[in-house]
Structure formats: C-alpha cells, structure tokens
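What follows is a set of notes on a single structure, which appears directly below.
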Amino acid sequence: MARARFLERLAQWMYIAPAATYLLLFFGYPLVKNLVMSFQQYTITTFYTGAAPFVGMENYSKILSSDLFPKALLTTFLFTAGSVIGQFALGLAFALFFQRRFPLGGLLRSLLLLPWLLPLVVSGTTWRWLLDPDTGVANAALRGLHLTSSGVPWLTGTSQALVSVILVNIWVGIPFNTAILYGGLQDIPAHLYEAAKLDGAGSLASFRHVTWPLLRPAVSVVLVLGAVYTVKVLDIILVVTGGGPAGATETLATQSYELSFRQFEFGRGAAMSNVLIVLSLAFAVVHLRASRRAQNV
C-alpha cells in the first residue's frame, strides 16, 4: 500500500513538474531578478564588467522624488480608470446585446474578437494613421462633415493625446470584456427572468435584481484583470504617441521603459516596474475585498 501510494504521489508530481518548472523559469526567476536589480546600480557596463553595486533604496528614492513621477502617476491613474470604465461599459452593452438571438449573431461575436486578436503594434499603427492630424481619416471625415476646418490635434495636443490613447485602448479591450461578461450572462438561469417577469419586473428591474447580482463574479474578473493589464500597457502608448506630446501620455510603464531601454538605467527601471506591480496588487486586493463584502451583505 505504501509503495502504491508513493507511486501515485510521484505520478502526480510528474504531471505538475512541467508547469511548475515553466512558471519558475519564466515568471518566478524574472520577478526575483527584477527585485534584486532594483537594489543595485545595474547599468549597461554591468553586462561587460559583471559589477552591480548594491545601493539599497537609492533607486526607489530617485524615481519617487523625480519631478516626472507625480505626473506619470496621475496619467497612469487617468489612463487606467478611463480605459477600464470604457471597456467595461461597452463590453457589458455588447454582451447584453448579443444575449438576444438574431441572425448572424454568432458571426458578429466572432468579428468582435478581431481587435483583441490583432498584434498591439498593428492596432496602434493603424490608429496612429487614422488619428494623424494632417492626413488621418478621422480629421478628413470631420472636415467632410464641416464639423471642423482645421482638424483636431488628436496626437499633438497635450489634452487630446491622452484621450486618444484611452480610446484606442478601450477599442482593444472591448472584446475581452464582452467575452467574459457574455459567458457570465449565459450562466444565469432563464427561469429567473421568467419569474421576475411574472412578478411584474421590467427590463431595468430584471437587470438590477437578477442580472447584476449573479454577474458580479464575472464583473470582478474583468475589472481586476482589466486594471492589472491596463496599468502596464506599453505597446499602444509607444506606437501611437511615444509618450508625448510634452509627456502628456507618459505613464509609469513608459517611464520604466525609458529608464531601462533608452537611458540604460536598469536598476531604476526595475524599481519603477516594481512600483507598478505594487499598485496592481493593491488595486486587486482592494477590489476583491470590496466585492467579497458586497456579496456577504
């Protein structure tokens, strides 16, 4: 019996070992290395000399006391909040729309996934062309409708650029939100809607008392994952605006990229990325606790 139990346990570990090894190599090691690097003076010369002196909290002190940090933190918050709210609202609207049966509904749901499946560099390049202030399709359409004569500085105006990258990121994230929320809607029993209808509940009352309470688990998933993903969005901003104009779309993620791969201050870049990780974890913990309290009420 003991030998059989040992062989069974060994077989279980052999099934787990490949996944565990993959996670340790490609997730665990980079996280630990990034944390260690944030406490070192790790520059491009380190790759030649191998020397990375320990500097303690100096990297964190430099990035947190930088004049760019407060603005980048505010931009990150605005970009994340605007993107998550827009993606969730439109994703929920599409999910409710596709819940109804109509011809070609399956085909339209499949086409809706295209923005999510396209490489972000392709999506960003396409939107940069569409929003180009001089030759872009967006301004050409506005001029054709006589809504503006000079065009909108989508990518060159300090106030319009942030709105533009938020809109692009919303467009990219709508399919994910729609897919998760649509799956959550399919799990709600139809007889609950029938009972609500018999009790005289209209569409809004059914949504408030049936759909929304039972959809909360899916809502928590899309909000937490959406926020965690959006906080570290880099591709869209780099391709569409490059962090400009005048740092108007500079976030903590782009600051980390700037420090690491343009200034080659890898230690400070690692420290900035660790700040991003802490912010993501803090948001996830706060939201999950709030959701748990709401479910217990």
Nearest heavy atoms of R208 and P213, plus distance in Å: O-CD, 3.3 Å
Donor-acceptor contact present, side-chain S83 to main-chain T80, <3.5 Å: no
Greater than 12 external heavy atoms within 6.0 Å of Q41's CD: no
Same apolar cluster: L279 and L78, side chain cutoff 4.5 Å: no
Under 3.5 Å side-chain donor-acceptor pair for Y193 and T211: yes
Centroid separation F176 to Y229 less than 6.0 Å: no
Test item: L24 and Y29 side chains (from C-beta on) under 4.5 Å apart, heavy atoms: no
Atom of L223, atom of V84 and distance for their closest heavy-atom approach: CD2-CG1, 3.7 Å
Over 12 foreign heavy atoms within 6.0 Å of CG, L204: no
Side chain to side chain contact (heavy atoms under 4.5 Å, CB included), paired with L131, selected from T126, L155, V137: L155
Donor-acceptor contact present, side-chain T125 to main-chain V121, <3.5 Å: yes
Sequence-distant partners of D235, side-chain hydrogen bond (donor to acceptor under 3.5 Å, both in side chains), two or more places apart: none
Between N34 and S273, a side-chain donor and acceptor under 3.5 Å: yes
Aromatic ring proximity F47/F264, centre distance under 6.0 Å: no
S206 side chain vs G202 backbone, donor-acceptor pair below 3.5 Å: yes
Backbone of P133 reached by a side-chain donor or acceptor of N139 within 3.5 Å: yes
Donor-acceptor pair, side chain of R262 and main chain of Y257, under 3.5 angstrom: no
Enclosure of Y48 OH (heavy-atom neighbours >12, cutoff 6.0 Å): no
Under 3.5 Å side-chain donor-acceptor pair for T249 and T241: yes
V168-L120 co-clustered via ILVMFWY side chain contacts under 4.5 Å: yes
Under 3.5 Å side-chain donor-acceptor pair for W154 and D132: no
N59 versus S38, side-chain donor and acceptor atoms under 3.5 Å: no
Heavy-atom donor-acceptor pair, T230 side chain to A227 backbone, under 3.5 Å: no
Qualifying side chain to side chain donor-acceptor pair (under 3.5 Å) pairs with a residue from residues 87-98, counting only residues at least two apart or across chains: none
Main-chain N/O of T45 paired to T49 side chain as donor or acceptor, under 3.5 Å: yes
N/O donor-acceptor pair under 3.5 Å between S66 side chain and K62 backbone: no
L68-V165 co-clustered via ILVMFWY side chain contacts under 4.5 Å: no
